[in-house]
Amino acid sequence: MKYLNVAEKNDAAKNIALHLSRGTSKRREGLSQYNKIYEFEAEVMGQKCQMVMTSVSGHLLALEFASSYKSWQSCNPLTLFDAPVIKYCPENYEKIKKTLEKEVRSCQGLIIWTDCDREGENIGFEIIEVCSAVKSNLRIFRAKFSEITSVSVRRALQNLEQPNRNISNAVDVRQELDLRIGAAFTRFQTLRLQKVFPSKLADSLISYGSCQFPTLGFVVERYRAVNNFVAETFWKIKVNHTINNLSVDFAWDRIRLFDQEACQVLHDICIENPLAKVVNVRTKPKSKWRPLPLDTVELEKLASRKLKINAKETMRLAEKLYTQGFISYPRTETNEFPKEMNLRQLVEHHTGDPNWGRFAQGILDDGGATPRQGNKSDKAHPPIHPTKYTNSLSGNEQRLYEFIVRSFLACCSKDAQGQETTVSIDVANETFSASGLMIIARNYLEVYPYDKWSSKEIHVYENGQTFNPTSIDLVEGNTSPPNLLTEADLIALMEKHGIGTDATHAEHIETIKNCSYVALADAVHFVPSLLGMGLVEGYDAMGLNMARPHLRAQLEADLKAISEGTKQPDIVLAEQFFLVLKCPKCGSGMTLRQKKNNADELFISCLSYPSCKNAVWLPNVVKSLQVQDRTCPICGPNYNIVKFEWRNNSISHLYPPPYDGCIGGCDPAFLDILQINPSSVKPSNSNQNISNNNRPIVENRTNNIRPQAQRQTTIGNMPTRNNTGNRQTGQIAPTVNGSRVQNTAQTRLPAPRIVGDSEDNNVLCSCNKPAIQLTVRKQNANFGKKFYKCATMRENGGCDFFLWAPESENTVQNQFETPPDSGRGSAPPSAGTSNSSRGWGIAPTFSRTDYTPNEDNVMCNCGVPARRVTVQKEGPNKGRPFYGCPKNFSSRCNFFQWADSGTNVEWNNSSTGNSRGRGRGRGGGGGSRGGAVGAGDTVVMVGAGAELDGAESAASAGRRGTRGPDAQIINKIHKGPMDCRKQ
DNA sequence: GCAAGGTC
């Protein structure tokens, strides 16, 4: 018995032969200089056999269009969607093919040793196809292995299986779709854009691919996020405690506020009462986790980040290490080691190394390898790990090998252990925290220098202890935009959305660089070019989300279904093309589209738009439409059956949903009900046949013609429907000083909701229950004012919600109650005049008495030194200094003066400044003038300031203002000052 | 002159 064994590449064939023959294989030349032939003897199914082992070089066959479609000028790119395609052997692979044909003649069996992944299975069938053509009655087997080690390949030979046609079919489908869609769009957009921009793009190839475009899309999307980012100013309080040169910063539990006044007030209170009291000291163990077993994507990302070797180069090096037998198969999605793997032995290989040998021995002495386990498995390959020890490598090959070894040892080791102490202090009812870290055992960090973890010293504090802080500072900062994408970020996004394979991520990134769609801004961060940006925006504007990842993700899901045998390849091919019918006016395809600004409005339009403006508008009753894999028996092959779902039941009695119907005109009543003009779906002369301009042309080059073009199923549902503009990376947390921080919204309490007309008591407190309205009865400046509070008493679990009612509600004094937090007999909060507090908002409960003179000696209308402030709001006056009353919100006078001009301006809260902006920073700006200043506004309305128009009444503006989460912060802040107010 | 996937 003689077997022909065929591997996917020469290196694999060489090493498999080496292992199976225990080093006795004989090498001879084949027709291809790169693909040698190895001969040896081995036992197959208990029988000693002659083995001939050779290889291909990846795919042996390629797909291309029939010759009449090859020239760009020969056809409309649209015809490529159903032009005949041919599998053929490229010229530079002919020698490999001939070697197979020659060698198999003397064999009775064929064993496929291609890589055990989807593509490998398909390459296996290419080999089978070529070999079977010259030798029928071959016994065909598939060897399944996940690494080229002696154990693994021997086990594979003893457990031969059958090749899996389903897996191979999935690859055939992918190839055909990639070719048709890629070629059609590349030709179309290149020819079109060269014509429109002859001076700029005459020599550019403007390619389209189902992987490269979403990759470009990620870059564009992040670029937009950075560009559209509007920084917000925030303020926070920082407490420092320095003794003996050890400086400990305590961070504010509120983190930060977007309202300077509020923050300033709290800071003032802390300054007035600065004694810090330790309220909590917690010590708990903290660990830093060792890395997970390495999969391909992690390898690429970490090599890019830590070794500065880009993904493409990393994979080239890894491939080389793999074929030399130093590491396991580098393309794996698995990050957990199979239980049966002998990790101990793998660790033992490294005990002699001068750098990590001692650590490896330590793992063994300590009870052996206990790897962290991930949660991904491709069921084909284990995580990337060293399979053999070597110290003979150099350069990046050595660095990558070392990284893989160290990762493996680290993962088999133990987490680093530490002890974290967190201290909370109270300063004037504000809480601040600091933490220290003591590292107890570095464990994996000893062998894994790519991670950093350092101790942080802190003073020894005890519960109840008090101390005077060294400083209490008001710190101003700005939120910062997300960073542009690095290669590692981009790969992570590609993986997350299933764009490309582990093996091709790096290549798609290269492609969009080579096409000049993107460039590296600073050698690290990607930015789109004008062309790249234009392409994405152009398709977006047409309502075709070509640069969005979901198309590819959907295909990947379908390919998986084909591999598993749960979906027919032809169905997937049909569904991926989203043509609904052939245009009766011009013969192009017609696609289902959604209206740009309304995903619910569907229409079917001609791909030749704008030269052909034929369109079928669908009424609102059509909820969804899915093109089926069969054509209408009456209207013919240009009309597919369409599955309809209705938005309401108005026509369900006539056409019960889901209704499989045809819009070709075979059911005139159906067209009538859908208000479809028959002339838009069928030729005016019904005898006219427009279907034959794309009939298949069968060309026989290698007897491998697949009859794709015979299919009548070139349509499917529009894949953009369920993904209407959802940005994949749109939710990016703002960063503070370069480090990512929690989304501000998450740090806030739920916003109170105003549910209806303010005449009713419809304010919800922080418990989300209707608040009760009360009126101030204490004889002070706020006498008679109405306010809302939680209906439940504090001691019964009520919240500390407090809100002044709008002024209009204060005209009738029908209740006299004590406002919240008045248990100690204090009055409701106010230190000023009631008429300056209008609309919704808070009235602070304290006053500043220590007004400091300003350098210009400007006094406000109250006769105290005015405070110099800078305009923060986006607008023509941003950055301009001005003077305002230094008093608090409710007691402040209307004084305003630019600090750089000396011109006094009469402050007018009802002016009609168009103050659109983010509206935080300076309390909303409901009364800004010329968009410049919101600082002098006496009404504190935060959160919704961005939406406010100065012409709105303060009351209505305030009502909206309370919707914002900032209102809640203000409400929360309110509690502190009230406890220590001066009456 | 087109894609993406193999590999060289």
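Keep in mind it's a predicted model, so treat the numbers as computed, not measured. Here is the naming used below: chain letters follow the sequence lines, and residue numbers restart at 1 for every chain.
- Residue contacts shown for A/R174 include a base, since a base heavy atom lies under 4.0 Å away.
- The environment of A/Q568 atom CD is sparse: at most 12 non-hydrogen atoms of other residues, nucleotides or ligands sit within 6.0 angstrom.
- Residue contacts shown for A/G500 are limited to sugar-phosphate atoms, with no base heavy atom under 4.0 Å away.
- DNA chain B is contacted by both A/T323 and A/L80; A/L80 maps to the nucleotide lying nearer its 5′ end (nearest heavy atom per residue).
- Counting non-hydrogen atoms under 4.0 angstrom, A/T114 reaches nothing in the nucleic acid.
- By the salt bridge (charged side-chain N to carboxylate O under 4.0 Å, His left out) test, A/E29 pairs with A/R27, A/K36, sequence neighbours left out.
- The residue A/D115 sits close only to the backbone: its heavy atoms come under 4.0 Å of sugar-phosphate atoms, none of a base.
- For A/F218 and A/H497, the ring centers sit closer than 6.0 Å to each other.
- Between chain A and DNA chain B, the heavy-atom contact criterion of under 4.0 Å yields a 5' to 3' nucleotide range of B/dG1 to B/dC8.
- Within 4.0 Å (heavy atoms only), A/S210 reaches sugar-phosphate atoms of the nucleic acid but no base atom.
- Checked against salt bridge (charged side-chain N to carboxylate O under 4.0 Å, His left out), A/R331 has the following partners two or more places apart in sequence or in another chain: A/E319.
- A search for side-chain hydrogen bond (donor to acceptor under 3.5 Å, both in side chains) contacts involving A/N514 returns nothing, not counting sequence neighbours.
- Scanning for salt bridge (charged side-chain N to carboxylate O under 4.0 Å, His left out) contacts around A/K513 gives A/E510, with sequence neighbours left out.
- Toward the 5′ end of DNA chain B lies the nearest nucleotide of A/F213, the other residue of the pair A/F213 and A/N10 mapping further downstream.
- Residue A/Q73 is in base contact, counting any heavy-atom pair closer than 4.0 Å across all strands shown.
- Contact annotation for A/Q175: base contact, defined as any heavy-atom pair under 4.0 Å involving a base atom.
- Among the heavy atoms of the strands, none lies under 4.0 Å from A/R316.
- Looking at heavy-atom distances under 4.0 Å, A/E121 makes no contact with the nucleic acid at all.
- Within 4.0 Å (heavy atoms only), A/S57 reaches at least one base atom of the nucleic acid.
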Can you list, pair by pair, the side-chain donor-acceptor contacts under 3.5 Å of residues 200-207 of chain A, counting residues two or more places apart and other chains?
| from | atom 1 | to | atom 2 | distance (Å) |
| --- | --- | --- | --- | --- |
| A/S207 | OG | A/Q212 | OE1 | 2.6 |
| A/S207 | OG | A/Q212 | NE2 | 3.4 |

